[in-house]
Amino acid sequence: MPKRVTKYWLMKSEPGTYSIDDLERDRTEPWDGVRNYQARNFMREMAEGDLAIFYHSSTNPPGAVGVCRVSREAYPDPTQFDKNSSYYDPKSRKDDPRWSLVDVEFAEKFAEPISLQALKEDSSLEGMLVTQKGSRLSVQPVDKKHFRRLLKVARANTKLR
DNA sequence: GCCAACGTTGGC
DNA sequence: GCCAACGTTGGC
């Protein structure tokens, strides 16, 4: 049996809701609240061990702030059945859950965030979904070459400190 | 706070 | 199946 190849992703979160520091403290977290079918489908493609860029959105500046690892593959998001949750979905049925999530665990926090602006200006990252205008997808695939490049930039920033 | 760029919903 | 109306995301 060939080993499954690690896949790479990018996951957005508003730091006011859940930040890389929160994940570093909690170590592992269910990535709940995703209510977009495309993003959900990407989470369903994830496997344990996949790596994801942790991205802070709706903040100044937005950008990549660290890395997390998928620690549990997709299962039903419990918040969809929780009437007290802002993620409650009355149309989702227990025998056919509409929304999924994965668990992610903390891997690393970058010494310096890599701003969206910097991502856009890096020609080696051309084609990354997150740099494209109007890209609102909160869970998205990342090419291996882009992932590796981004880590390289993060390391370089560490040396400059 | 504005608004462009989406995605979803529902009438027809 | 079309599309107008509405809601949301997220950069700026």
Side-chain angles (χ1 to χ4, degrees), chain A residues 7-26 29-46 50-70 73-104 106-143 145-147 149-154 156-157:
Chain A
K7 287 188 180 178
Y8 301 92
W9 311 92
L10 180 145
M11 301 172 88
K12 296 180 186 173
S13 184
E14 299 188 18
T17 304
Y18 199 79
S19 71
I20 187 75
D21 292 320
D22 293 328
L23 185 61
E24 184 169 21
R25 180 198 61 218
D26 298 340
E29 178 73 5
W31 203 262
D32 60 17
V34 171
R35 295 293 181 269
N36 170 283
Y37 290 105
Q38 228 183 326
R40 179 203 69 181
N41 292 342
F42 283 132
M43 284 201 295
R44 288 180 177 179
E45 287 180 31
M46 292 178 182
D50 281 2
L51 296 172
I53 304 294
F54 199 114
Y55 180 93
H56 280 174
S57 64
S58 295
T59 188
N60 191 18
V65 293
V67 177
C68 58
R69 185 183 303 105
V70 176
E73 67 182 25
Y75 61 99
D77 181 343
T79 63
Q80 68 195 304
F81 304 120
D82 179 0
K83 287 198 172 83
N84 297 318
S85 170
S86 55
Y87 299 129
Y88 177 63
D89 182 353
K91 291 181 184 168
S92 185
R93 293 164 26 161
K94 285 231 170 176
D95 57 357
D96 185 21
R98 180 175 294 196
W99 305 111
S100 300
L101 53 69
V102 295
D103 287 355
V104 298
F106 178 81
E108 75 171 274
K109 179 187 173 182
F110 296 153
E112 302 284 344
I114 306 170
S115 70
L116 176 60
Q117 180 67 24
L119 298 177
K120 285 178 176 172
E121 286 170 358
D122 189 336
S123 60
S124 300
L125 295 177
E126 203 174 313
M128 256 189 102
L129 281 176
V130 75
T131 63
Q132 284 161 30
K133 191 181 166 190
S135 159
R136 304 186 310 164
L137 202 54
S138 65
V139 177
Q140 52 182 258
V142 172
D143 288 351
K145 64 180 184 215
H146 290 153
F147 188 89
R149 168 68 184 173
L150 209 137
L151 285 192
K152 196 174 170 187
V153 172
N157 288 344

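All figures in this text were calculated on a predicted structure; none of them were measured in a lab. Protein chains get the first letters and strands the later ones, always in sequence-line order, with residue 1 at the start of each.
Atom CD of E126(A) has 12 or fewer neighbouring heavy atoms from other residues, nucleotides or ligands inside a 6.0 Å radius. Counting heavy-atom neighbours within 6.0 Å of E108(A) CD, excluding the residue itself, gives a total above 12.
Side chains of D82(A) and T79(A): no donor on one and acceptor on the other come within 3.5 Å.
Checked against side chain to side chain contact (heavy atoms under 4.5 Å, CB included), K120(A) has the following partners two or more places apart in sequence or in another chain: L116(A), T131(A). Qualifying side chain to side chain donor-acceptor pair (under 3.5 Å) partners for W31(A), counting only residues two or more places apart in sequence or in other chains: none. With sequence neighbours excluded, the residues forming a side chain to side chain contact (heavy atoms under 4.5 Å, CB included) with S100(A) are R40(A), R44(A), A74(A), listed by chain and number.
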Protein-to-nucleotide contact annotation, 5' to 3' order, nucleotides 6-11 of chain C [B base; S sugar-phosphate only; - none; under 4.0 Å, heavy atom]: -BBBBS
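Within the structure, no pair that satisfies the ring pair (Phe, Tyr, Trp, His ring centres under 6.0 Å) test touches residues 73-96 of chain A, not counting sequence neighbours.
In the region residues 32-41 of chain A, proximity to DNA chain B at under 4.0 angstrom, judged on heavy atoms, holds for N36(A), Y37(A), Q38(A).
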